[in-house]
Amino acid sequence: MNDIKNTIPYILSSDFLNVTSKISEELLWARHMVMSEFGSIGGGGVNRQALSVAEFDARKKLLEWANEINLVGYTDAIGNLFLRREGEDKTLPAVMTGSHIDTQPMGGRFDGIYGILAGLEALRAIDVSGIKLNRSIELVVWTNEEGSRFSPGAMGSAIFSGYYNINEVCENKDDQGITLRDALSNLSNKFPELVIRETPSPISCYLEAHIEQGPILENTGVSIGVVTGVQGCRWYTVEVIGETAHAGTTPITHRRDAVREAVECIKALQEVMRDELDILRFTVGRFNVTPGSINSVASRVIFTIDIRHPESTTLEHFSDLVEKTCKSVVLTCEVIVVETLSHSPSSFDQALLNLIGTAANNLELSTMKITSGAFHDAQNLNNISPTGMIFVPCERGISHNPAENAKSEDLANGARVLLLSLLRLAG
């Protein structure tokens with residue numbers, strides 16, 4: 001929105017800078033450790049699936065902390081949780097910040113939840129400082145960002161921003177056959193006190209703090225990543241269809257071996273996907289074989305492809321090579337290539353990038369511009385409002401892993417940058 005651009009100065013006032021002293025590094029860290037117990041799998045790992053008992057427990061604890069600073073809770077049809085600090089002018093669209101609580105099955109203690117707890121700590125600092133703001137600020141927990149229980153991922157933010165309709169996904173099932181509709185009903189029963197908002201509330205802008213999930217900030221010794229956008233992504237499912245046969249009696253030359261030709265497809269794809277700049281990301285993540293017997297020639301292989309790049313034309317070029325390459329190397333089998341997901345690269349709002357950079361500079365924190373290689377809810381919000389992201393370093397860039405780690409100092413620095421940005425945006 002144009003009014004946001006007009007509120008962003010290049011120098012932030014000393015009054016705002018003084019409020020950052022209220023950010024408690026110790027409390028922020030302690031709350032991460034408390035949250036990590038919900039769905040703990042040991043060794044620092046967390047398995048907190050969307051709309052599971054563990055996630056409900058984490059939401060309950062978050063609501064307890066929110067009540068301490070008088071935030072008002074709301075929800076919506078997809079189960080997004082909104083915690084609102086009311087501004088002086090209730091007619092203005094709110095400033096929004098947040099992330100997600102759910103994790104991967106072998107997740108860590110900081111992915112997603114950091115954006116929630118950094119936002120909560122920023123709101124606590126505002127509360128204890130007694131500051132009155134013109135705009136309301138809403139801290140949001142997006143439902144099912146990871147997509148590891150219900151597909152697709154980033155579901156809550158996609159429905160909020162109008163990318164999906166809830167009726168398109170409510171019958172989707174998890175691995176246990178539980179529908180999203182039933183899981184949402186369980187959530188509603190768990191939190192009957194939350195008012196349900198029938199339509200999305202208008203927002204003026206959205207900021208999301210997150211660990212980098214990559215090694216660039218740590219390797220360069222930079223404190224704050226000013227995220228310019230999210231690289232585009234294409235997903236494919238490749239099905240290679242052959243014919244099963246006896247492994248001991250069928251000559252190699254007489255076989256229609258789906259594994260052999262699927263491997264040839266992957267080898268050929270790896271060759272054509274070479275990128276000397278090492279910007280392109282090409283991944284084969286699944287490889288399923290039928291019948292999966294040790295003494296049978298495979299009749300069918302299904303494997304997946306994930307291609308990512310920050311430039312649309314380059315992403316399209318490499319994506320166009322998938323089907324051509326597979327069909328050029330398959331000799332005796334049939335191959336079927338289906339695109340299952342397509343996200344164009346996202347570019348975040350330049351005015352918000354300037355504000356984040358200014359906030360970090362005023363705090364004497366080093367910054368660099370960085371493109372996100374991972375999906376985030378911010379991508380969806382970018383379709384309906386000015387959006388920005390703040391990255392902080394994480395140890396060795398490890399994420400979606402129990403070894404995921406971050407320094408308390410870095411987490412607190414990111415929360416301070418977020419706080420300064422929110423103060424300026426909320427007026």
Side-chain angles (χ1 to χ4, degrees), residues 4 7-8 12-13 16-25 27-29 31-32 62 65-66 69 71 83-85 94-100 110-129 131 133 135-142 203-212 217 222-227 348-349 351-368 370 372 376-378 381 385-394 406-427:
I4 289 300
T7 68
I8 299 175
L12 298 171
S13 73
F16 285 177
L17 290 171
N18 290 338
V19 179
T20 64
S21 66
K22 305 298 183 182
I23 293 287
S24 170
E25 179 179 332
L27 180 60
L28 182 59
W29 181 264
R31 286 181 166 175
H32 277 87
L62 179 64
W65 291 333
I69 53 174
L71 302 182
L83 301 170
R84 184 179 179 93
R85 177 186 174 85
V95 176
M96 183 176 280
T97 187
S99 193
H100 60 98
F110 304 98
D111 176 11
I113 193 64
Y114 169 60
I116 302 296
L117 296 179
L120 182 69
E121 182 60 16
L123 287 169
R124 191 194 64 81
I126 293 171
D127 185 72
V128 299
S129 299
I131 294 175
L133 299 173
R135 290 181 187 269
S136 301
I137 298 177
E138 287 195 348
L139 174 62
V140 57
V141 176
W142 300 113
I203 63 172
S204 63
C205 58
Y206 175 74
L207 291 182
E208 182 169 348
H210 211 282
I211 60 169
E212 182 196 346
L217 294 178
V222 172
S223 298
I224 299 294
V226 181
V227 184
F348 291 152
D349 186 80
L352 289 182
L353 302 188
N354 292 343
L355 175 60
I356 293 167
T358 299
N361 291 338
N362 276 252
L363 290 165
E364 300 182 349
L365 298 171
S366 56
T367 67
M368 68 180 296
I370 187 170
S372 174
H376 296 286
D377 292 303
L381 273 294
S385 72
T387 296
M389 289 194 74
I390 300 164
F391 274 178
V392 298
C394 62
K407 295 178 180 178
S408 62
E409 178 184 4
D410 290 329
L411 300 179
N413 283 336
R416 293 184 184 105
V417 173
L418 177 64
L419 169 58
L420 278 184
S421 302
L422 292 175
L423 284 171
R424 188 62 225 170
L425 292 166

Quiz item: Between atom CG of Leu28 and atom CG of Leu120, what is the distance when rounded to the nearest 0.5 Å?
Solution: 9.0 Å
Between [X] and [Y], is any pair of side-chain heavy atoms under 4.5 Å apart?
X	Y	value
Trp65	Leu27	no
Ser99	His210	yes
Ile137	Ile126	yes
Glu208	Leu418	no
Leu425	Leu352	yes
Glu121	Glu25	no
Leu419	Val19	yes
Ile390	Val227	no

Donor-acceptor pair, distance only, cut-off 3.5 Å: does the side chain of [X] make one with the backbone of [Y]?
X	Y	value
Arg124	Lys22	yes
Asp127	Leu123	no
Thr97	Leu207	yes
Glu212	Leu217	yes
Tyr114	His32	no
Ser204	Ala94	yes

Closest non-hydrogen atom pair, [X] against [Y]:
X	Y	result
Leu139	Gly115	CD1-O, 4.3 Å
Phe110	Ala406	CE1-N, 3.7 Å
Tyr206	Gly98	OH-O, 3.0 Å
Leu411	Ile211	CD2-CG2, 4.5 Å
Val141	Leu62	CG2-CD2, 3.5 Å

Exercise. Begin with the C-alpha distance, continue with both residues' side-chain angles, and end with the deciding distance and a verdict on side chain to side chain contact (heavy atoms under 4.5 Å, CB included) for Phe348 and Ile356.
Key: CA-CA 12 Å; Phe348 291 152; Ile356 293 167; over 6 Å; no
Self-check item: Option from Val392, Leu365, Leu363 for which side chain to side chain contact (heavy atoms under 4.5 Å, CB included) with Ser223 holds
Solution: Leu365
Exercise. Output, in order, the C-alpha distance, side-chain angles, deciding distance and verdict of side chain to side chain contact (heavy atoms under 4.5 Å, CB included) for Ile203 and Leu381.
Key: CA-CA 10 Å; Ile203 63 172; Leu381 273 294; 3.5 Å; yes
Quiz item: Hey, mind stepping through Val95 and Leu133 against side chain to side chain contact (heavy atoms under 4.5 Å, CB included) and telling me if it holds?
Solution: CA-CA 11 Å; Val95 176; Leu133 299 173; over 6 Å; no
